[in-house]
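Okay, so here's the structure we're looking at.
So that the names make sense, note that chain A is the first sequence line, chain B the second, and so on, each numbered from 1. Bear in mind the structure is a predicted one, so any value in this text is a computation, not a measurement.
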There are 2 protein chains.
Amino acid sequence: MKPTIYDVAKEAGVSIATVSMVINNTGRISTKTRKKVLKVMDELKYYPSAAASTLTGKSTRTLGLLMPNIANPFYSELARSMEDRADELGYSVIVCSTDYKEEREQKYISLFLRKQVDGFIITSGFNSVDLIKELVDQQIPIILVAYNISKFSLDTVSVDDYTGGYQATAYLAELGHQRIAVITETVQSSVERVRGYRNALQDYQLAYDDELCLETSATVANGAKVTEEFLDLKEPPTAIFAFNDILAIGAMEAVRKRGLSIPEDISIIGFDDTPLASYSNPPLTTMAQPLEDIGYQAIDLIVAEIEGAKRTSQRIMLPAKLVVRKSTGGPLKKTR
Amino acid sequence: MKPTIYDVAKEAGVSIATVSMVINNTGRISTKTRKKVLKVMDELKYYPSAAASTLTGKSTRTLGLLMPNIANPFYSELARSMEDRADELGYSVIVCSTDYKEEREQKYISLFLRKQVDGFIITSGFNSVDLIKELVDQQIPIILVAYNISKFSLDTVSVDDYTGGYQATAYLAELGHQRIAVITETVQSSVERVRGYRNALQDYQLAYDDELCLETSATVANGAKVTEEFLDLKEPPTAIFAFNDILAIGAMEAVRKRGLSIPEDISIIGFDDTPLASYSNPPLTTMAQPLEDIGYQAIDLIVAEIEGAKRTSQRIMLPAKLVVRKSTGGPLKKTR
DNA sequence: CTGAAAGCGCTAACAA
DNA sequence: TTGTTAGCGCTTTCAG
């Protein structure tokens, strides 16, 4: 049988209260007693039951993290950074993949509730907004990551998509590009990025052209397909801004297939800075998501909420960062 | 205050035993009572406390998964498949990244123990073998994934590295390559793969050449560096078998830098089939790790052990699968 | 500085 | 078919 606090107490010749105190570093215990107890705990391989201590009202110091798919690098890196920060703060994180299914969301929320996590971290790709509402109503600490629900005001940490869209476009414009296309996605973040794109265009006195703004979903094939459409235009773009690296890789493929070279003929910029970006050929210039920062901030925020019981509902936006590699350059000059 | 089983019982006008029974689907409860109780539970947003039920001896139906780094695609895909299978079997998985640090391994093992996980899943990259021994001694269900410790006999699920190494080499030999180089890694799995490589060489009557077998660690730069060494040989290889995709990407880079083309001049084959492989240029032929199968089998095995309390110590080996893409072909004929 | 004892929320006999 | 009750292992006053 697993040793309990009683076994330790008996073995050490003290009461269970004393043992409990040395475990939790509470009360005042003589160094001698403490040492003895610690020794016995070690000998018996005693591990205090988290269940029992939870039952007495202690917090579990556990955070529940819900993401659509931990196998997606975007989420897994986020998860990793959260784990690290949580670890530093003495918390642990339970991650579950909801697979974009409400049924699973439901199930895991319930699981977390039963396990009495101290707080919920919910990322983009979570569908059951009603469930979130229920948690909010129950005053359970929640933080939204890379996910905006304007419906209620919650702590939120996300990337500044507007500025990201603006900066990528501005960078291309600075390089001298006049016709800059974007491949957008059917997701929340896209609309902000498009807004940034259009404002940058304006600021650089470039005309916005509907033909240069196409929407698709994130696969290499789609990126290639859309790019071909761009290339077929009478006046094709000299630069393409893809809203994620996958699409950018697709764009590269299409460009290469035409016998055009990157960045000489066409510049391509992605978004996310997944590992893909540095391994592509040529290495992809892209807007890096500050995943690590996002994770850290998210944990800090929710821990603050848990411990301080504060309800400020901050909305933190972290800037994407331009990572210049080899897929972008100035447009080909006629004079060359 | 959070509702307890008492609140539900009172509200439904029954005893807590009845409520407990409907929660667990035990005993015989009239449909009417059951419905009533369920309704109240829903109204009160009652979630049974996992802590309390654990305390009474019920299993937690939770599995502890320890991997070095959840941000690494290899591990995150593994994690995902385990999660899925566990979910199907009514278990949940807690994942923690140990970051290859014994200190963290220690910490998370202890965490899992305190949370009373029903079983441990431990993957390659785990250093504290002594800790594993302790668990084994305590008769705690454990399964090793992609990780062999010959020291004790434990349930193990891993990829068949020997056959993988053999098949990749054989494939290249079939294509007509005579000089096949390998880039190995400083990890456990490499030695089996090398063994497969050498045996395949033998079976195809090809000579083994020390110069064509170089070891390095997994970075693109290293892959490129080693490849350059190969290319500098008086008699360079016509095919390179890299023991992971990252190295293969590096090899591709080096080959391209020499103005050689793939696969016309040099064939390249990787191992793992990470997303990288399909996005590279040309798409990489590689040996796919059957991650999904591994995950499933691992969960099935450990759940069997937990529920059946059996102690058979199976060692399951799953075959890697050749995925032919565009980076391999026959060697250039002189006559062309 | 240490011990005794009252719960925490739930399960599982045992009664009714 | 349902209720009563004794713990499960631990924390936390309150005494000593």
**Message:** Could you check whether Gln314(B) and Thr156(B), counting side-chain N and O atoms only, form a donor-acceptor pair closer than 3.5 Å?
**Reply:** no
**Prompt:** So, Ser30(A) versus Thr33(A): side-chain donor-acceptor pair below 3.5 Å or not?
**Reply:**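 Result is yes, a qualifying pair exists.
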With a 4.5 Å cut-off on side-chain heavy atoms, are [Y] and [X] touching?
| X | Y | result |
| --- | --- | --- |
| Gln106(A) | Ser128(A) | no |
| Val40(A) | Asp42(A) | no |
| Leu113(A) | Ile140(A) | yes |

Nearest-0.5 Å distance that lies between atom [atom1] in [X] and atom [atom2] in [Y]:
| X | Y | atom1 | atom2 | value |
| --- | --- | --- | --- | --- |
| Asp155(A) | Ile143(A) | CG | CD1 | 5.0 Å |
| Ser158(A) | Glu192(A) | OG | CD | 9.5 Å |
| Leu154(B) | Asn148(B) | CG | CG | 10.0 Å |
| Ile299(B) | Ile294(B) | CD1 | CD1 | 12.5 Å |

**Prompt:** Contacts to DNA chain D from residues 5-24 of chain A, heavy-atom cutoff under 4.0 Å, which residues?
**Reply:** Ile5(A), Tyr6(A), Ile16(A), Ala17(A), Ser20(A), Asn24(A)
**Prompt:** If every non-hydrogen atom of Ser97(A) is compared with every non-hydrogen atom of Ile70(A), which pair is closest and at what distance?
**Reply:** OG-N, 3.1 Å
**Message:** I'd like the 5' and 3' limits of the part of DNA chain D contacted by chain A, with heavy-atom contacts below 4.0 Å.
**Reply:** dG9(D) to dT12(D)
**Prompt:** Got a sec? Which of residues 112-120 of chain B come in under 4.0 Å of DNA chain C, heavy atoms?
**Reply:**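 The answer is none.
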**Close approaches to DNA chain C from residues 46-63 of chain A, in residue order (heavy atom, under 4.0 Å)** =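 Output list: Leu55(A), Thr56(A).
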According to the ring-ring contact (aromatic ring centres under 6.0 Å, His included) rule, which pairs have a member within [range], sequence neighbours left out?
| range | answer |
| --- | --- |
| residues 113-157 of chain B | Phe112(B)-Phe120(B) |
| residues 65-104 of chain B | none |
| residues 21-65 of chain A | none |

**Item:** Span of DNA chain C in contact with chain A (heavy atoms, under 4.0 Å)
**Value:**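 The contact span of chain A on DNA chain C goes from dC1(C) to dG9(C).
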Run the side-chain donor-acceptor check on residues 3-13 of chain B: report pairs under 3.5 Å with partners two or more places apart or on a different chain.
unit_1, atom_1, unit_2, atom_2, d
Thr4(B), OG1, Tyr6(B), N, 3.1
Asp7(B), OD2, Thr4(B), N, 2.7

**Message:** Under the salt bridge (Lys or Arg N to Asp or Glu O under 4.0 Å) definition, can you give me all pairs with a residue in residues 81-97 of chain B, not counting sequence neighbours?
**Reply:** Arg104(A)-Asp84(B), Arg104(A)-Asp87(B), Lys107(A)-Asp87(B), Arg80(B)-Asp84(B), Arg85(B)-Glu88(B), Arg85(B)-Asp300(B)
**Request:** Could you list all the salt bridge (Lys or Arg N to Asp or Glu O under 4.0 Å) pairs where at least one residue sits in residues 48-70 of chain A, not counting sequence neighbours?
**Result:**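 Applying salt bridge (Lys or Arg N to Asp or Glu O under 4.0 Å) to every pair that reaches into residues 48-70 of chain A, excluding sequence neighbours, yields Arg61(A)-Glu307(A).
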**Prompt:** Which residue, Thr26(A) or Lys2(A), contacts DNA chain D at a nucleotide closer to its 5' end, judged by nearest heavy atom?
**Reply:**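 The residue closer to the strand's 5' end, by nearest nucleotide, is Lys2(A).
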**Prompt:** Checking Thr98(A) side chain against Lys101(A) main chain: does a donor-acceptor pair fall under 3.5 Å?
**Reply:** no
**Request:** Enter the inter-axis angle for the ends of the helix from dC1(C)-dG16(D) to dA16(C)-dT1(D) (five pairs per end, rounded to 10°).
**Result:** 30°
